[in-house]
Asker: 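Dumping the structure here so I can ask a few things about it.
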Amino acid sequence: MAVHDAEHPTRTRRSDYRYLFTARHHGGDKSAAMWRTEIARDTEFSIFDMADFREVADSRGWLYGVLADGDDLSEIGTCDEQVAEFQPGAEGEPWHGYPKWVVNKLGPANRRKPHCCPEKQVFDRMVHVTLITTVQRKRLLAGRHA
Amino acid sequence: MNGVQFPNDPAGVFYAIPMQGVSWAGQNPLGEGFCFGLESGGLVLTDTQGTPLGSPREADSKEAVNGVAFSKGWLTVTSRADINLIGPRLQANQEQVVIDGGGLDVVVAPRSGYFVVPIGPAGIMFVKPGITDKEPVIVSRSDKISLNYSRVLALPGPAEDDLVVSAGRRGGLGFADFKERMRGHTLNSVKFHNLDLVDVCSMGGFAVAAAAKDGSLVFLSDFLTERSPHTVKFKGVQGTVYRLLYAGGELFVLTSKALYGLFGLAEQFLNGTGNNLYDAEILRFPIEASDANVVQDKWLLAVGIDCVLRFDIEKMPKSPKEGRQNGQWEEPEDIRAQPLWEESSFEQTSGNMATV
């Protein structure tokens, strides 16, 4: 378990992106989304690399990935999340990622969230590049486990 | 087990209702027939043959519907992005209240009429029909017991209260009472090592069954008093479990591989005739579906890829006693999962989260 930020030694094969394992999402902040300890660092990076390789991105260019377990999807987060969201760092800084809860969290009535749960186009793209099945897309779109 | 395929027959056991982009299918909240929630956020009301009754109702959220319920003139539609309360009925210029935060399902508490919405690790939301932006939304959760509230059912309690049972993933099953204007309530829970409980259903009275993601089943004959649940697993039930349903006196499991009817199992359990050694005729319907619901104890609706799959439960061939054996009898493995019971305060928080 990372207690300090640590960068993966290799870069993604498509875009040459760097990747940072952040302490915040590896047990350093209990209020933050957290990777399961069973997910090895190389596995976490492989999800990121595949997201980049398959260009599974939302309208902002943020990347999304899943971890297949045979015909099923693995839970990657401590709250049973199955989708990882990866966001770019500042200019010249590496990307980082975390398990993404597929349902929007409650918020105050006067502040609608422009982005929260992954956009539909993300799941459509995942089907297109055969990361998930059509039924799994329907499940994830509804906020359910797949 | 190859399974059984029935002819596509509007008057038969199985009928595929053609409809694109459906994300939820269940009872028409306003009367006879069905309601289909769409990936676009809209709703289509149909008769039992799937013929639309009027134009689809468009939604503001544009997110896939994952739950629909109706209480005291108000309709609640949930999606992963928000919770929409529409009243008093599906009419033009109707009142609409939006809660900015996603729900995973919605049911109606039978006594209070409140909408009960599981919202994952954040807890369970209780929403009064007709809520305004001046009234708070109630969310209950426990700091001590960690449940990921994924599905709920609400039953009439013995003391003019509502009893809410929830499937809380690896946190197990949660049980809590609810009354309007109550200040605090208690959460009881039972969890099992290695069981990831994804759904729960009522079998009448206070008997419930729950399903784990791997197909393991948990039975409680009376969740108010029983402390030794039965835990079994059928080898014939394969795939990731999506739903566990009880209809026509039988249990059904929808998985990523198929829909399974577990015929005879609930009866043995409820009547105590199995002496803890159960068997079931497992009928496998090889369908691809993402969700399912029961309508009026007669229809089982499953959300297919480009259709809604309608099963007539009464017409399903169920056992050799009826002269037809389509399934495969199996004695489940008694997995003897040890229950761990806990009790905690179910803390209520409230806030003005609704927008009119």
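Here the structure is a predicted model, which is why all the values come from computation and not from measurement. Chain A is the first sequence line, chain B the second, and so forth, proteins listed ahead of strands; every chain is numbered from 1.
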Asker: For A:Arg18, is there an ion pair with A:Glu7 - N to carboxylate O distance below 4.0 angstrom?
Answerer: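 Looking at A:Glu7 and A:Arg18, the cut-off is met.
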
Asker: Would you mind telling me which of B:Glu288, B:Arg169, B:Lys257 has the largest number of heavy-atom pairs within less than 4.5 Å of chain A?
Answerer: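 Ranked by heavy-atom pairs under 4.5 Å with chain A, first place is B:Arg169.
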
Asker: Is A:Arg60 salt-bridged to A:Glu85, going by a charged N under 4.0 Å from an acidic O?
Answerer: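 The answer is yes: the pair qualifies as a salt bridge.
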
Asker: Is it true that A:Glu81 and A:Lys100 make a salt bridge, defined as a side-chain N closer than 4.0 Å to a carboxylate O?
Answerer: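 A:Lys100 and A:Glu81: not salt-bridged.
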
Asker: Just one of A:Phe48, A:Phe86, A:Trp62 clears the ring pair (Phe, Tyr, Trp, His ring centres under 6.0 Å) bar with A:Trp95, so which one?
Answerer: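 So the option named by the test is A:Phe48.
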
Asker: In terms of heavy-atom pairs under 4.5 Å with chain A, which of B:Val198, B:Asp196, B:Ile119 leads?
Answerer: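 Greatest number of close heavy-atom pairs with chain A: B:Val198.
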
Asker: Measure A:Val135 against the heavy atoms of chain B and call it side chain, backbone, both or neither at under 4.5 Å.
Answerer: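 Backbone plus side chain of A:Val135, per the 4.5 Å heavy-atom cut-off to chain B.
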
